[in-house]
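Please read the structure below before turning to the comments.
Just so we're clear, the structure is a prediction, and the values are computed from it rather than from any experiment.
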Amino acid sequence: MPRRRDPFEPLFRALGHTGRRRLLDALARRGGLTLGELSDELPMTRQATSQHLALLEQAGLVVTRWRGREKLHFLNPTPLLEAWQGWVELLVTQPALSLASLREALESGGSDSARRGGASA
């Protein structure tokens with residue numbers, strides 16, 4: 001049986017490197033930066049910045065627009081939102097709801113047993 005393609009693989013691969021996350025942080029603070037501005041702002045070479053930006057673009061996290069001869073880079077948060085809604089939220093919400101239900105059951109059961117224990121003592 002062929003393996004199902006993970007739709008979040010490019011996103012998580014792109015987020016898996018500190019330098020790429022720093023690029024996203026820089027674009028979140030101020031979008032519309034050129035390659036030169038990004039490489040000046042971060043401790044990496046222009047070539048490394050370019051390679052990281054290419055992976056971020058493939059993952060859909062960075063979009064570009066040309067202004068004359070300048071290529072401007074912008075953060076696109078949509079893939080992060082889609083990952084949150086499609087996968088991460090399930091991992092967070094379901095266990096949290098289960099823990100809340102367990103806590104409620106223990107608290108209501110605990111007060112009943114305390115009343116029963118107090119009445120029999």
Item checked: Test applied, side chain to side chain contact (heavy atoms under 4.5 Å, CB included); reference residue, Leu23; option that passes from Leu42, Thr18, Leu55 -> Leu42
Check: For Glu9, does the CD atom sit with more than 12 other heavy atoms under 6.0 Å from it, leaving out its own atoms?
Finding: yes
Note to self: Hydrophobic clusters here meaning ILVMFWY residues chained together by side-chain heavy-atom distances under 4.5 Å, can you tell me if Phe74 and Leu11 are in one?
What the structure shows: no
Check: Excluding sequence neighbours, so at least two apart, what forms side chain to side chain contact (heavy atoms under 4.5 Å, CB included) with Pro10?
Finding: Arg5, Ala59
Check: When you measure from the side chain of Asn76 to the backbone N and O of Gly60, does any donor-acceptor pair fall under 3.5 Å?
Finding: yes
Checklist line | Where at least one partner belongs to residues 52-66, residue pairs that pass side-chain hydrogen bond (donor to acceptor under 3.5 Å, both in side chains), sequence neighbours excluded | finding: Arg20-His52
Next item on the list: Give the minimum heavy-atom separation between Ser39 and Arg46, together with the two atoms involved.
Entry: CB-CA, 3.8 Å
Check: Rounded to the nearest 0.5 Å, what separation is found between the CD atom of Glu70 and the CZ atom of Arg67?
Finding: 4.5 Å
Checklist line | Minimum-distance pair of heavy atoms, taken over all atoms of Ala14 and Leu56 | finding: CB-CD2, 4.0 Å
Notebook entry, point to check: Can Leu61 be reached from Val63 by stepping across I, L, V, M, F, W or Y side chains whose heavy atoms are under 4.5 Å apart?
Noted result: no
Margin query: Within the structure provided, determine whether Leu75 and Pro77 are in side-chain contact (heavy-atom separation under 4.5 Å).
Written below: yes
Item checked: Leu15 side, atom CG; Phe8 side, atom CZ - distance, nearest 0.5 Å -> 12.0 Å
Would you list the atom pairs, donor with acceptor, under 3.5 Å between side chains in residues 24-36 and any protein atom, with sequence neighbours excluded?
| from | atom 1 | to | atom 2 | distance (Å) |
| --- | --- | --- | --- | --- |
| Arg29 | NH2 | Glu41 | OE2 | 2.9 |
| Thr34 | OG1 | Glu37 | N | 3.1 |
| Thr34 | OG1 | Glu37 | OE1 | 3.4 |

